[in-house]
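Here is how names work: the chains are called A, B, and so on, in the same order as the sequence lines, proteins then strands, and each is numbered from 1. These numbers were taken from a predicted model, which means no experiment stands behind them.
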Amino acid sequence: MTTEARPQATERTISVVVNGERRSATVLDRKTLADFLREDLELTGTHVGCEHGVCGACTLLLNGRAVRSCLLLAVQADGQEIQTIEGLAKGDELHSIQQAFWEEHGLQCGYCTGGIIMSTLAMLEDNPHPSDEEIYEVLGGHLCRCTGYEDIFKSVKRAIELRGQGR
Amino acid sequence: MKPAPFTYFAPTSIEETIGLLQRYGDEAKILAGGQSLVPLLNMRLARPTALIDINRIPRLDEIVTEDDAIVVGARVTERQLERHPVVAERLPLLVALVKLIGHPQIRNRGTVCGSIAHGDPSAELPAGALALDATVTVTGPTGERTIAVDDFYLGYLATALAGDEMMTQVRFPIPAAGTGWSVQEVARRHGDFALVGAVALVRVEGGRIAATNVVSFGTGGRPLRFPEVEAKLVGSVPGEALFSEAAEAITELLDPDDDVHASAAYRRQVAGVLVRRALEEALRRCEGGSR
Ligand SMILES: Cc1cc2nc3c(=O)[nH]c(=O)nc-3n(C[C@H](O)[C@H](O)[C@H](O)COP(=O)(O)OP(=O)(O)OC[C@H]3O[C@@H](n4cnc5c(N)ncnc54)[C@H](O)[C@@H]3O)c2cc1C
Ligand code: FES
Ligand code: FES
């Protein structure tokens, strides 16, 4: 390892499971997981808004938990399992949460939507019947500049219903 | 690329971590949950050349519940603490503090020790740790030492942690049975850091205050305790007038700064109100306290 004050471009090879598929790549140590997914794996459904943890657009699941991918380094994900919004639909068939957002107009421009859906997925996997308060708390971790949030809340309620019907 | 270049290390032991800290000195930063550090890296407000990720060190992810304390390892996330059934039962103040931090998505990564090591003066856990007389354990080249939280915070984001030390755990003593507690804060939005906050513990015996700890946060470079005010409260019969007087005394002692979020005058006024409310709520929660 170099002992110079400022390291040049240190990089390493990592292996991650993304949406069930093992992917290996060489990345710079300083690359965030969000940028790695978007630029190296061309999975651009993970959006990047603020890059300091506030907006929630980059939220994905790391080992089943909703986290900010702008606050993780790609190298930290080595050996871990990641789910992104691209993993939800099966071909043309929407996932029940996506279907619910479609039905209840839970999105307009869609910039925030991927992150919100991933947080919703993590919440429902953990507890299929969250209280309204729990839903507000999870949605509180996301900024949406279009919808005014009411339709997002209705979409989550609809997603719970659809899930209850085994979808 | 957001952050300035650095070399990433993922040591698998505390010894290896200390070795790296010694080698890189001021150029190194420990990475725990990254919920405070990575924003600073992305904005290039921090430019370490060595980033030492402690997430691969085994065993530091445990919460140990002792008879008289809750001991939290360096990798324990805020979410883990929030959901621990024994913590909820024996030290509900900790759960209440953690729930005020950001959002579940932040608490899934952010660590309890990281919040205390970072020491933001508006953060809930450092204030709670001070109110509970918590101690932190740090390990360095010459071994381990234990520091009371009151001695740990030196000033704005400055702690007693040396450059070649890492914090390995924090120990929160469980207050005596029957102690009431409260945390109060004002924040612009739910999940934001507090503009101003207060934490209080109150225990009543025979109709008089037997013990009380009072902390104000967001009102200085570090969370603040008020030993003189606490001493005056002990032995007194609790009540509205007494608590208003204590809150006024604390307001007099505060000297917060103006910043973009709030003026110093606003902070002082709100701090007094929150101290009073915290004392009142703690009293309601203590055994033998409610009338
Ligand atoms: C959107 C958002 C909202 C937030 N809201 C709040 C809030 O309302 N209240 C609040 O209190 N916090 C809030 N936070 C911060 C959050 O609580 C952080 O998780 C916490 O402050 C730092 O913990 P960490 O594990 O993420 O530490 P890191 O970011 O990894 O590290 C923070 C600092 O502590 C040092 N450090 C960490 N662990 C150790 C250790 N074991 N030994 C020595 N040094 C160590 C690091 O070197 C670094 O300097 C928020 C963060 C975000 C992104
Ligand atoms: S881009 Fe990650 S939270 Fe905004
Ligand atoms: S739909 Fe446009 S930001 Fe949410």
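Judged by distance alone, the side chain of B/Q105 and the main-chain N or O of A/V138 form a donor-acceptor pair under 3.5 Å.
Enclosure of atom NZ in B/K29 is not indicated, since only 12 or fewer non-hydrogen atoms of other residues, nucleotides or ligands lie within 6.0 angstrom. Shown here is B/D26, whose CG atom has no more than 12 heavy atoms of other residues, nucleotides or ligands within 6.0 Å. Surrounding CD of A/E134 are more than 12 heavy atoms belonging to other residues, nucleotides or ligands, all under 6.0 Å away. For CD of A/Q165, the number of neighbouring non-hydrogen atoms (other residues, nucleotides, ligands) closer than 6.0 Å is greater than 12. Within 6.0 Å of NE2 on A/H105 lie no more than 12 heavy atoms contributed by other residues, nucleotides or ligands.
With a 4.5 angstrom heavy-atom cutoff, A/D126 touches chain B only via side-chain atoms. Looking at B/L31, only its side chain comes within 4.5 Å of chain A, counting heavy atoms on both sides. Heavy atoms closer than 4.5 Å to chain A are found nowhere in B/L37, neither backbone nor side chain. Heavy atoms of B/R107 lying under 4.5 Å from chain A belong exclusively to its side chain.
Between B/T7 and A/R12 the shortest side-chain heavy-atom distance falls below 4.5 Å. Side-chain contact between B/R109 and A/L62 is present, with at least one heavy-atom pair separated by less than 4.5 Å. In this structure, the side chains of B/N42 and A/T32 come closer than 4.5 Å at one or more pairs of heavy atoms. Two residues are said to be in side-chain contact when any heavy atoms from C-beta on lie closer than 4.5 Å; B/P39 and A/L71 meet this criterion. Using a 4.5 Å heavy-atom threshold, the side chains of B/L40 and A/H52 count as separate. In this structure the side chain of A/E137 never reaches within 4.5 angstrom of the side chain of B/H103, judged on heavy atoms.
In terms of non-hydrogen atom pairs under 4.5 Å with chain B, the most contact-rich of A/Q76, A/E39, A/E11 is A/Q76. Ranked by heavy-atom pairs under 4.5 Å with chain A, the list B/R189, B/M43, B/R56 is led by B/R56.
Here CG of B/D53 is found 9.5 Å from CG of A/L72. Values are rounded to the nearest 0.5 Å. Atom-to-atom distance recorded for B/Y8:OH and A/L73:CG is 7.0 Å, nearest 0.5 angstrom.
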Test side chain to side chain contact (heavy atoms under 4.5 Å, CB included) on A/R65 and B/R79 and set out the steps.
CA-CA 11 Å; A/R65 293 216 194 94; B/R79 193 72 168 157; 5.7 Å; no
